[in-house]
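Structure first, then comments.
Every value quoted in this text rests on a predicted model; they were computed, and no experiment measured them. A, B, ... follow the sequence lines: proteins, then strands. Residue 1 opens every chain.
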Amino acid sequence: MKVFVGLSGGVDSSVTAALLKEQGHEVVGVYMKNWATDLPGFECPWREDYMDAKRVAVHLGIDFKMYDFQKEYKQKVVDYMIDEYKAGRTPNPDIMCNQEVKFKLFLSTALEDGADMIATGHYARIDDGKLFKAKNKDKDQTYFLYRVTKDALRKSLMPIGDFNTKQEVRDLAEKFGLPTAKKKDSQGICFVGKVGIREFLEQYVSPKPGRILDQNDKEIGQHDGAIFYTIGQRSGLGVGGGLPYYVVGKDMDKNEVYVSTDLDDKRLWLNDFEISGLHWIGDEPDLSKEYTVCHRYRAQHTKAKLSKSKHGLKITLKDPARAITAGQSMVIYDGDQVLGGGIIT
RNA sequence: UGGGGAGUCGCCAAGUGGUAAGGCACCAGUUUUUGGUACUGGCAUUCGGGGGUUCGAAUCCCUCCUCCCCAG
């Protein structure tokens, strides 16, 4: 079978390619050039990643190519992200990247290019168009993948999902002699790299001073734009005094940020909220059943009840979760299977 | 300019003769393919200024400066 592997320049995708090659597939390595713009003071690492991806391909003796998705990525992911922030929400660009770029654009481009399947280095398992948690529960990345379609999953492979530990993956990388074996795991929004989200947003939004109010409605300081703050955030307020302050809310119209020193502040712990923009990989969930849900990558999954609501679903958690934030995703699981999910309103 | 109180890191704050706790903030690092959380480390040779007493002072004395409260 002809498989196009998305090589990011990291270990996981490198091992993915090596494994598929070993299994006898005709493997083509593809580097997706999604973002290559430098930001003031920071150089975009794409060239380095590209070189690493290419080195891996050369090492494995597979074909290598680059797809330039910059234009689409900017539209579908970056603009989405900026618009969401402007609307006062906190988006998850990586989920959008999977939905729109990796498992739509990359998939269709690869298929047109002669591929039978695509593969990525995600920690997740696919079986018959269904998505399951990775064996390595600690690294499970299904949270980022819940908006992928069943049809896309039928054409995708994620062999890394079958490993129990990251160490096994690294050991394999070592065994295959991959040049990326020792490369540090990436983190942060993929295209922003080492640059913080704030620095990134500052390129697109000008500062707008506003008030910071504590739980007693007392002004305790100034911020330079409510857009830069998100629920649950601690530092960055530049306010000292007694206990640490956590952001518990904000008002984009008034440009005010609300904080509290109370770790049990009700606004920080919700167990009742709605999601919209629903997406299901297969069948819709049965509202009479109890499922587990996850509101953040690597967060503990909690039991929840689902019910219909005006714009989507109402979620009632068994235990309240911290920092439920509009714009973030709620993923619904039936055991290890990902049913889908929606975006917190 | 009568009475009382207070001035210790950007903020809060211990320490009242024995050689500057702690928290917040900030910075760095760790964890993490979103925001964020959490964790580790760094962060006052110096205690409003100036004198003095003492082996030794942020701590005692003198003086000046500043702030707050009550009186005017």
Side-chain angles (χ1 to χ4, degrees), chain A residues 6-13 16 32 34-35 45 49 77-78 80-82 84-102 120-124 134 136-147 158 160-161 166 169 183-201 212 214 220-223 226-250 257 259-261 263 265 268-269 294-300 321-331 341 343-344:
Chain A
L7 286 178
S8 67
V11 210
D12 298 328
S13 60
T16 300
M32 285 175 248
N34 295 331
W35 185 265
D49 291 335
V77 181
V78 179
Y80 154 79
M81 186 180 95
I82 295 168
E84 283 289 288
Y85 269 107
K86 282 183 177 167
R89 293 183 218 104
T90 306
N92 188 324
D94 287 353
I95 288 175
M96 194 52 77
C97 175
N98 286 327
Q99 175 186 321
E100 294 294 332
V101 179
K102 288 181 184 154
T120 63
H122 285 103
Y123 284 76
N136 183 347
K137 294 290 184 287
D138 196 46
K139 297 284 286 184
D140 173 59
Q141 290 172 329
T142 49
Y143 180 79
F144 296 105
L145 295 166
Y146 82 96
R147 294 190 85 81
M158 299 177 182
I160 296 295
K166 177 92 193 194
V169 178
K183 191 169 174 181
K184 194 179 179 306
D185 288 5
S186 66
Q187 50 185 259
I189 303 173
C190 45
F191 64 90
V192 182
K194 279 216 150 254
V195 186
I197 183 71
R198 189 197 167 97
E199 286 73 31
F200 182 79
L201 284 175
I212 301 176
D214 73 4
I220 57 161
Q222 292 267 321
H223 65 255
I227 191 170
F228 300 121
Y229 297 86
T230 191
I231 312 298
Q233 179 177 342
R234 173 182 169 156
S235 55
L237 296 173
V239 184
L243 294 165
Y245 285 103
Y246 294 89
V247 175
V248 294
K250 60 179 184 176
V257 172
V259 299
S260 174
T261 53
L263 284 172
D265 194 295
L268 211 49
W269 295 91
C294 179
H295 73 292
R296 170 168 31 233
Y297 175 55
R298 283 169 62 87
Q300 187 145 32
R322 187 177 186 281
I324 296 289
T325 308
Q328 290 283 291
S329 281
M330 198 77 198
V331 180
I343 294 170
I344 298 163

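- Look at A/D12 and A/K139 and you find no salt bridge, because none of the NZ, NE, NH1 or NH2 atoms lies under 4.0 Å from a carboxylate O.
- Among the protein residues, A/K184 comes within range of the sugar-phosphate backbone only, with heavy atoms under 4.0 Å from sugar or phosphate atoms but none that close to a base.
- Within the nucleic acid shown, A/S329 has no heavy atom closer than 4.0 Å to any nucleic acid atom.
- The CG-C1' distance, from A/L201 to B/U34, rounds to 12 Å in whole Å.
- Within the 4.0 angstrom heavy-atom criterion, only backbone atoms of the sugar-phosphate kind lie near A/Y85; the bases stay farther away.
- Atom CZ in A/R147 sits about 22 Å away from atom P in B/U33, given to the nearest Å.
- Between the side chain of A/T230 and the base of B/G36, no donor-acceptor pair under 3.5 Å is found.
- The distance from atom CH2 of A/W269 to atom C1' of B/G36 is 13 Å, rounded to the nearest whole Å.
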message: Reading 5' to 3' and counting Watson-Crick or G-U wobble pairs with both distances under 3.5 Å, write the dot-bracket notation for RNA chain B, | for bases paired outside the strand.
response: .(((((((.[[[..)..(...]]].(((((.......))))).....[[[[[..)....]]]]]))))))..
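- The nearest whole Å value for the distance from the NE2 atom in A/H223 to the P atom in B/A25 is 18 Å.
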- request: Report the C-alpha separation of A/H122 and A/K102 in whole Å, then their side-chain angles, then the decisive distance to 0.1 Å, and conclude whether the side-chain contact (heavy atoms from CB on, under 4.5 Å) test is met.
  value: CA-CA 11 Å; A/H122 285 103; A/K102 288 181 184 154; 4.2 Å; yes
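- Distance CE (A/M32) to C1' (B/U33): 13 Å, rounded to an integer number of Å.
- Under 3.5 Å, the side chain of A/Q233 and the base of B/U37 form no donor-acceptor pair of N or O atoms.
- An anti orientation is assigned to B/U37, its glycosidic angle lying beyond 90° of 0.
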What's touching nucleotides 38-42 of chain B from the protein side, N or O pairs under 3.5 Å?
from	atom 1	to	atom 2	distance (Å)
B/A38	OP1	A/Y246	OH	2.7

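- A close approach under 4.0 Å does occur between a side-chain nitrogen or oxygen of A/K139 and OP1 or OP2 of B/U33.
- B/U34 atom P lies 15 Å from atom OH of A/Y80, rounded to whole Å.
- Residue A/Y297 has a polar side-chain atom (N or O) positioned under 4.0 Å from OP1 or OP2 of B/U33.
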field: Test side-chain contact (heavy atoms from CB on, under 4.5 Å) applied to A/M81 and A/F200, step by step
entry: CA-CA 11 Å; A/M81 186 180 95; A/F200 182 79; 3.5 Å; yes
